[in-house]
Amino acid sequence: MDHEIDDRASPGVPEPAPRVLLVGQGAPARGGIPTFIYGILDDPVLRSQARPSFLNTTHDAGRPGGATADNVRSMLHDVSALFRQARRVDVVHLHLAPAPLLPLIRAIVLLATARLAGARTILHAHSGRLHIAARGTIYRGTLRVLGLLADRTIAVSADGLRTFQHAGVRVELLANALDTGAFPEPQRDPALVSIAFVGTVCARKGLDDLRIAMARLREAGSPTPVHLTIVGDGRQEGPNVFEQVQKDYANSDLDDLVTFTGALPASEVRSVLTKADIFCLPSHWEGLPLSLLEAMAAGSAVVATTVGDIPEVLEHGDVGILIEPQQPTQLADALGRLLDDPQERARLGTVARERVRRDFDRSAMTRRILQIYRELAYSM
């Protein structure tokens, strides 16, 4: 490996901290991948035992994942930057959503680039869509190629783990986690029930279903004042997606019940969630969404769909209400029950907070990531 400085330890001398380049979306993008990457970069334990750097692959290139000239230029820019920076590190840790086929091909190109530069590679697959994309024969075959290029492959959900395994890829499951201590005690307004959604603002997150459910709650005339806060933007989906969702809510006469904040910094997202009585995630597909864990850490009562690892995280309904995806009537009923039952809202918020603190705190995940970095860096 062609490092500028060879600071590898001599016999009997402690091994140096591994040099790691994290690659993936960052600011101004918001969402699960940027949140995860910045969590690693800011983790004091990891920073004390590794030397992380970051290559931000966010570009203003129209619809992400599309076969456009802008996206090709962006990928070529990322390949060039990755090759230069990978030559100065031990490990390249790619944080990508390799589904459907074009994002998978991009992941393969980036992995090949890192290997050509002499680095060991980790593919961290942040996607709840792998099992859907893998229904296609071409995708499954291409996924095997990715497995050959990555020294380690990490899935964040059970669906992703099974998809890689069925494609013949060696993979391990490393569930998403977060710094639960960063979330203060809940701060609820007793005069108002606050519902929050955090994520990409688009149809696949179930926001059309939530719109219909909110309209039905209004028609039912609930005596409890309610407000919905939608946090996030549509950047990952492409131009005008966010605006279309806003327009649909306005056309449903929900303007006075709904606030669209756009993308917010992590501290402001935590503030919204600590004030939210209910967190609603009516997604059509997911892996293990960080927004769910954040809401649980904030002590919100959760209503979410039975997709990805959500049922397991919510202990199959013991620490949150589960509904089927694309069922706005079920969603309206679940929200209505919680609107009318403040004791149940408080109970679910408490058990959700206990669950995430017990099983999804970031400390264990950080230890495993550090172990992988060391194994790869010191085995060369």
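Sequence positions, counted from 1, serve as the residue numbers for this chain. Just so it is clear, the structure is predicted and the values come from calculations on it, not from any experiment. Atoms considered below: every heavy atom in the structure, side chains included; atoms not considered: hydrogens, waters and symmetry mates.
- Of the candidates Thr35, Asp361, Val356, Val356 is the only one forming a side-chain contact (heavy atoms from CB on, under 4.5 Å) with Leu178.
- Residues satisfying the side chain to side chain contact (heavy atoms under 4.5 Å, CB included) test with Pro311, not counting sequence neighbours, are Thr306, His316, Leu322.
- Taking the charged nitrogens against the carboxylate oxygens, Arg357 and Glu354 have no contact shorter than 4.0 Å, which rules out a salt bridge.
- Shown here are the side chain to side chain donor-acceptor pair (under 3.5 Å) partners of Ser53, two or more places apart in sequence or in another chain: there are none.
- Between the side chain of Ser300 and the main chain of Met296, no donor-acceptor pair closer than 3.5 Å is present.
- Between the side chain of Asp43 and the main chain of Leu46, a donor-acceptor pair closer than 3.5 Å is present.
- No side-chain donor-acceptor contact under 3.5 Å links Tyr139 to the backbone of Pro100.
- With values rounded to the nearest 0.5 angstrom, Glu237 atom CD is found 13.5 Å from Gln244 atom CD.
- The side-chain heavy atoms of Thr261 and Thr229, taken from C-beta on, include a pair separated by under 4.5 Å.
- Two residues are said to be in side-chain contact when any heavy atoms from C-beta on lie closer than 4.5 Å; Thr200 and Asp233 fail this criterion.
- Arg106 has its side chain within reach of Asp78: a pair of non-hydrogen atoms, C-beta onward, lies under 4.5 Å apart.
- Atoms CZ and NE2, on Arg162 and His131 in that order, are 8.5 Å from each other to the nearest 0.5 Å.
- Ala114 approaches Thr121 most closely through the heavy-atom pair CB-CG2, 3.6 Å.
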For this session: Report the C-alpha separation of Ile122 and Tyr373 in whole Å, then their side-chain angles, then the decisive distance to 0.1 Å, and conclude whether the side-chain contact (heavy atoms from CB on, under 4.5 Å) test is met.
Result: CA-CA 9 Å; Ile122 304 169; Tyr373 289 167; 3.7 Å; yes
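- A distance of 10.0 Å separates CG in Leu331 from CD1 in Ile321, rounded to the nearest 0.5 Å.
- Between Ala196 and Val272, the shortest heavy-atom distance links the atoms CB-CG1, 4.2 Å.
- Between the Arg345 side chain and the Leu339 main chain, a donor and an acceptor come within less than 3.5 Å of each other.
- A 4.5 Å side-chain heavy-atom check between Val241 and Arg235 finds every atom pair outside the cut-off.
- For the pair Arg115 and Asp151, the salt-bridge criterion is met [side-chain N within less than 4.0 Å of a carboxylate O].
- Residues Asp209 and His284 have side chains in contact (heavy-atom distance under 4.5 Å, counting atoms from C-beta outward).
- Residue Glu312 qualifies as open at atom CD: its count of foreign heavy atoms under 6.0 Å is 12 or below.
- Side-chain atoms of Thr58 come within 3.5 Å of backbone atoms of Gly26 as a donor-acceptor pair (strictly under, hydrogens ignored).
- At least one side-chain heavy atom of Phe36 sits less than 4.5 Å from a side-chain heavy atom of Asn176.
- Counting heavy atoms from C-beta on, the side chains of Leu22 and Leu55 never come closer than 4.5 Å.
- Side chain of Tyr38 to main chain of Ala27: a donor-acceptor pair is present (N/O by atom type, distance under 3.5 Å, no hydrogens or angles).
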Exercise. Can you list the steps and then say if Gln371 with Arg374 is a side-chain hydrogen bond (donor to acceptor under 3.5 Å, both in side chains)?
Worked result: CA-CA 5 Å; Gln371 182 182 12; Arg374 292 190 184 109; over 6 Å; no
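- Checking side-chain atoms of Asp309 against main-chain N and O of Leu288 turns up no donor-acceptor pair under 3.5 Å.
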Distance-only criterion, 3.5 Å: show the donor-acceptor pairs between side-chain atoms of residues 273-282 and protein atoms not counting sequence neighbours.
unit_1	atom_1	unit_2	atom_2	d
Thr274	OG1	Arg270	O	3.2
Thr274	OG1	Ser271	O	2.9
Asp277	OD2	Ser194	N	2.8

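- Atom CG of Leu292 and atom CD of Glu286 lie 8.5 Å apart (nearest 0.5 Å).
- Salt bridge Asp256/Arg218: present, at least one basic N to carboxylate O contact under 4.0 Å.
- Of the inter-residue distances, the one linking Ile105 atom CD1 with Leu146 atom CG reads 11.5 Å to the nearest 0.5 angstrom.
- Heavy-atom contacts from other residues, nucleotides or ligands closer than 6.0 Å to CZ of Arg170 number 12 or fewer.
- Leu335 has its side chain within reach of Leu210: a pair of non-hydrogen atoms, C-beta onward, lies under 4.5 Å apart.
- Classified by interplanar angle (parallel below 30°, tilted 30° to 60°, perpendicular above 60°), the ring pair His124/His126 is parallel.
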For this session: List the steps, then state whether side-chain contact (heavy atoms from CB on, under 4.5 Å) holds for Ile195 with Val226.
Result: CA-CA 7 Å; Ile195 303 173; Val226 61; 3.6 Å; yes
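- A salt bridge does not link Arg337 to Asp341: none of the charged side-chain nitrogens sits closer than 4.0 Å to a carboxylate oxygen.
- Listed for the Arg30 side chain is no donor-acceptor partner under 3.5 Å among the backbone atoms of Ala263.
- Considering CD of Gln85 and CZ of Arg19, their distance stands at 14.0 Å, rounded to 0.5 Å.
- A donor-acceptor pair under 3.5 Å links the side-chain atoms of Thr57 to the main chain of Gly24, judged by distance alone.
- Ser80 contributes no side-chain N or O that, together with a main-chain N or O of Leu76, makes up a donor-acceptor pair within less than 3.5 Å.
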